[in-house]
Amino acid sequence: MTTTVEALANMSRRVARYFHRLFSPLFRKAELTFGVTIAIPPFIKMELHYKKSFESPANDNRHARKRRTA
């Protein structure tokens with residue numbers, strides 16, 4: 001039973017790592033835009049826009065993990 005649980009835990013970590021490697025470049029190149037428009041016709045119209053680019057990762061100074069071979 002414990003080997004089954006260990007195998008499932010290892011497989012879930014591998015799957016999570018695979019999805020992170022697959023989708024990480026997509027999110028790093030993403031842009032987030034947010035806009036709000038408030039209008040009181042015909043007198044006032046106000047627009048606020050915010051744009052954020054995610055080109056560099058937040059943890060760019062993190063070292064790569066050393067892999068151990070058994």
Side-chain angles (χ1 to χ4, degrees):
M1 184 69 180
T2 57
T3 57
T4 305
V5 172
E6 289 175 2
L8 287 174
N10 289 335
M11 185 181 72
S12 67
R13 281 191 289 260
R14 283 195 303 260
V15 169
R17 185 172 42 224
Y18 174 75
F19 278 114
H20 177 71
R21 287 181 185 168
L22 187 65
F23 293 113
S24 175
L26 296 176
F27 291 120
R28 287 184 181 170
K29 295 179 182 176
E31 290 183 351
L32 176 67
T33 57
F34 182 71
V36 176
T37 303
I38 300 172
I40 303 174
F43 305 110
I44 300 171
K45 182 177 181 182
M46 185 187 318
E47 294 184 12
L48 300 171
H49 293 280
Y50 177 75
K51 185 176 181 181
K52 171 70 176 157
S53 178
F54 297 104
E55 293 178 2
S56 63
N59 59 350
D60 57 352
N61 57 350
R62 183 176 173 186
H63 296 291
R65 269 183 26 187
K66 293 181 182 178
R67 296 186 184 191
R68 286 193 254 167
T69 56

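Side chains are part of it too, since the values below use all heavy atoms of this structure and drop only hydrogens, waters and symmetry mates.
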For R13, side-chain hydrogen bond (donor to acceptor under 3.5 Å, both in side chains) partners two or more places apart: N10

Listed partners of M11 passing side-chain contact (heavy atoms from CB on, under 4.5 Å), at least two apart: L8, R14, V15

Pairs involving residues 33-47, ordered by first then second residue, that meet salt bridge (Lys or Arg N to Asp or Glu O under 4.0 Å) (sequence neighbours left out): K45-E47

Non-neighbouring partners of T33 that pass side-chain contact (heavy atoms from CB on, under 4.5 Å), sequence neighbours left out: K51

Atom pair CD1/CG of I38 and L48 - distance to nearest 0.5 Å: 6.5 Å

